[in-house]
Amino acid sequence: MDTFLNPKRTVAELKELRSLTGDENGAQRVAFTRIWVEARAWLRKKLEALPVEIHNDAAGNTWTTLRGETERALLIGGHMDSVPNGGWLDGCLNVLAGLEILRRINAQYHGRPPVTVRLVDWADEEGARFGKSLFGSSACSGTLNMDEARGLKDQDGISLPEALKEVGVDFERVKECGRELGNAAAYLELHIEQGPVLLDLDLPLGTVLGTFGVERHVITFHGQAAHSGSTPMSRRKDAFLAAGKMGQEIYRIAERHGGVCTIGSCVTRPGIVTSVVEECRITLDQRHLDAGALGRMLQEAGIASEKFAEEGNIKVSWERLWRIEPVLFNQELIALCDEAIGETCGRHHQLASGPLHDAAEMARAGVPTVMMFVQSLQGISHNKIEDTREEHLELAVTAFDKLAEKTMTWIGK
Ligand SMILES: [Zn+2]
């Protein structure tokens with residue numbers, strides 16, 4: 001029923017939002033700020049034209065509900081908030097596509113679709129102000145660490161509970177919003193890819209299989225400081241030599257397993273030009289969609305670090321900074337997403353997501369979930385240059401709408 005769907009309107013509304021909430025440096029819809037509140041009010045006005053019920057939950061997420069023949073609900077999610085100087089599509093494309101789909105479903109089914117359809121605008125997906133992303137969705141899924149979140153402060157020393165109070169949210173009660181998932185039968189999210197995979201394949205759209213698991217460690221090599229002139233090469237205990245070998249090894253490990261590995265930081269001590277390095281501290285970030293492969297990448301990095309330490313007659317120690325399991329999306333919804341993309345643009349492609357998204361929280365909460373990615377020009381996000389071709393945005397709305405219709409049928413089965 002494409003006649004009811006107007007993807008060009010979504011593009012026009014994205015531009016309208018950009019002009020209202022952006023400046024020459026990009027989007028400025030940082031969560032819990034005035035501009036974010038204004039952006040949400042702008043959205044609400046558009047939603048109120050439909051026969052829907054709208055409310056904010058205990059964590060400040062906004063839920064818009066179009067009641068259907070059954071309480072079982074199709075959820076479509078996104079986030080109106082952005083990073084400071086952000087892009088014009090990250091998060092709000094999902095919400096505005098959801099708005100257009102609500103309009104189509106309402107028109108096609110005369111206000112009474114076969115299943116209930118709900119649009120959720122998650123609060124503070126980006127975590128730009130407090131350094132904790134996925135706030136609203138992790139409160140909803142129940143994975144939010146309350147003790148950690150309670151202590152978070154922004155650059156001005158304002159705590160997260162204080163900032164929430166400003167927007168009418170009681171921090172101690174945020175997890176009560178989990179009850180919103182009571183009738184959730186499926187969760188769908190459209191998002192700009194934020195990477196170059198679809199661009200390199202010259203494809204507008206892709207089906208997301210899940211989000212990468214992450215293992216993040218500090219590796220410290222312990223050698224001995226020695227004079228750079230008087231110490232023969234054969235007598236050195238050079239901590240940097242082993243770290244340098246690790247720098248090459250992680251490329252081989254990533255290639256063997258099809259994951260990604262990054263040494264993002266390297267700090268040497270004493271860190272002066274005239275001394276052999278006594279201590280070298282590197283960070284290692286490893287990511288993979290498959291938990292087993294991620295475990296093997298970690299194990300091989302451990303073995304390699306021991307080997308390089310032994311070769312250099314030095315010691316090595318490891319410390320874990322953070323880890324998260326891979327989150328896999330629902331197989332049946334993945335198949336429906338492939339179908340929707342295939343019908344819209346002929347070819348479909350499956351890929352993993354490097355960044356986390358609210359969808360991962362819904363999958364962790366046990367809601368059958370899938371995401372669709374649209375190609376990102378330059379493969380860049382969290383930057384004002386973030387962009388997608390307009391015809392690709394329109395294809396994305398069309399394909400995402402087909403996915404929503406297929407998912408409603410799937411829920412009704
Ligand atoms: Zn996003």
Side-chain angles (χ1 to χ4, degrees), residues 5 7 9-18 21 27 29 31 36 39-40 42-44 46-47 61-64 66 73-83 86-105 117-127 133-137 140 184 186-195 198 204-208 211 329 333 337 340-341 344 353 355-363 367 369-376 381-382 386-388 390 392-404 407:
L5 190 80
R9 175 161 53 189
T10 305
V11 176
E13 286 176 336
L14 283 163
K15 289 178 180 172
E16 191 186 334
L17 180 68
R18 176 171 62 183
T21 60
R29 298 182 301 276
W36 176 68
R40 286 185 134 194
W42 170 86
L43 172 70
R44 192 179 182 117
K46 293 183 181 286
L47 287 164
N61 305 308
T62 304
W63 295 84
T64 301
L66 177 65
L74 164 65
L75 310 185
I76 298 173
H79 58 95
M80 292 298 277
D81 74 304
S82 72
V83 296
W88 71 299
L89 300 169
D90 180 356
C92 56
L93 166 64
N94 341 3
V95 179
L96 294 178
L99 163 66
E100 188 58 29
I101 290 169
L102 273 179
R103 287 174 178 141
R104 189 275 296 173
I105 291 172
V117 186
R118 308 185 73 196
L119 177 66
V120 53
D121 169 21
W122 298 111
D124 200 9
E125 190 273 348
E126 297 288 3
S133 53
L134 310 179
F135 167 74
S137 55
C140 192
Y187 177 87
L188 306 177
E189 188 171 328
L190 170 69
H191 207 285
I192 180 170
E193 184 200 329
Q194 305 178 290
L198 293 172
L205 303 170
T207 301
V208 186
T211 56
F329 294 150
L333 293 181
C337 192
I341 292 173
T344 309
S353 173
L356 284 166
H357 291 286
D358 295 309
E361 288 299 328
M362 290 301 95
V367 181
T369 293
V370 75
M371 287 186 82
M372 185 184 286
F373 274 169
V374 61
Q375 189 195 98
S376 163
S381 260
H382 288 190
E386 172 192 270
D387 205 6
T388 294
E390 281 186 26
H392 287 178
L393 291 174
E394 291 173 22
L395 285 174
V397 176
T398 302
F400 195 55
D401 180 59
K402 286 185 198 292
L403 172 61
T407 306

Minimal heavy-atom distance between Ile192 and Asp90, with the atoms involved, is CG2-CA, 3.9 Å

Output the distance between atom CG (Leu395) and atom CD (Glu390), rounded to the nearest 0.5 Å.
12.0 Å

State, yes or no, whether a side-chain contact exists between Leu190 and Leu403 at a heavy-atom distance under 4.5 Å.
no

For the pair Ile101 and Val117, evaluate side-chain contact (heavy atoms from CB on, under 4.5 Å) and give the outcome as yes or no after the intermediate values.
CA-CA 10 Å; Ile101 290 169; Val117 186; 5.7 Å; no

When you measure from the side chain of Thr369 to the backbone N and O of Phe329, does any donor-acceptor pair fall under 3.5 Å?
no

Strictly distance-based, threshold 3.5 Å: is any side-chain N or O of Gln375 a donor or acceptor partner for the main-chain N or O of Thr388?
no

May I ask you to decide if Asp121's main-chain N or O and Arg40's side chain share a donor-acceptor pair within less than 3.5 Å?
yes

Side chains of Ser376 and Gln194: is there a donor and an acceptor less than 3.5 Å apart?
no

Sub-3.5 Å donor-acceptor pair from the side chain of Glu125 to the main-chain atoms of Gly91, do we have one?
no

Any non-hydrogen side-chain atom of Leu14 less than 4.5 Å from a side-chain atom of Arg18?
no

Measure up the Trp122 and Tyr187 rings against each other and bin them: parallel (under 30°), tilted (30 to 60°), perpendicular (over 60°).
tilted

Just how far is it from atom CG of Leu17 to atom CD of Glu13, taken to the nearest 0.5 Å?
9.5 Å

Using 0.5 Å steps for rounding, measure from the CG atom of Leu5 to the CD atom of Glu394.
10.5 Å

Which value, rounded to the nearest 0.5 Å, describes the distance between Leu47 atom CG and Trp42 atom CH2?
9.5 Å

Less than 4.0 Å between a side-chain N and a carboxylate O, is that true for Arg29 and Glu126?
no

Under the salt bridge (Lys or Arg N to Asp or Glu O under 4.0 Å) rule, collect the residues that match up with Asp81, sequence neighbours excluded.
none

Mutual orientation of the aromatic rings belonging to His357 and His191 [parallel < 30°, tilted 30-60°, perpendicular > 60°]
tilted

Locate the shortest heavy-atom distance separating Ala360 from Thr211; write the atom from each residue and the value.
CB-OG1, 3.7 Å

Strictly by modelled atom types, are His79 and Asp124 linked by a side-chain donor-acceptor pair under 3.5 Å?
no

Nearest heavy-atom neighbours spanning Val397 and Pro7:
CB-CB, 3.9 Å

Between Ile76 and Gly98, which heavy-atom pair has the shortest distance, and what is it?
CG2-CA, 3.9 Å

Working note: Ile341 + Thr207, criterion side-chain contact (heavy atoms from CB on, under 4.5 Å); need CA distance, chi angles, decisive distance, verdict.
CA-CA 8 Å; Ile341 292 173; Thr207 301; 3.4 Å; yes

Checking Thr21 against Trp36 for the side-chain contact (heavy atoms from CB on, under 4.5 Å) test, could you report, in this order, the C-alpha distance in whole Å, the side-chain angles of both residues, the deciding distance, and whether it holds?
CA-CA 8 Å; Thr21 60; Trp36 176 68; over 6 Å; no

Side chains of Leu93 and Trp88: does their closest heavy-atom pair fall under 4.5 Å?
no

Nearest heavy-atom contact between Ser137 and Asp358 is OG-OD1, 2.6 Å

In this structure, CZ of Arg9 is separated from CG of Leu96 (nearest 0.5 Å) by 11.5 Å

What is the distance from atom CG of Leu188 to atom CZ of Phe400, rounded to the nearest 0.5 Å?
5.0 Å

Under a 4.5 Å cut-off applied to non-hydrogen side-chain atoms, are Asp401 and Glu100 in contact?
no

Looking only at non-hydrogen atoms, find the nearest pair between Ala27 and Gly87 and report the distance.
CB-O, 3.3 Å

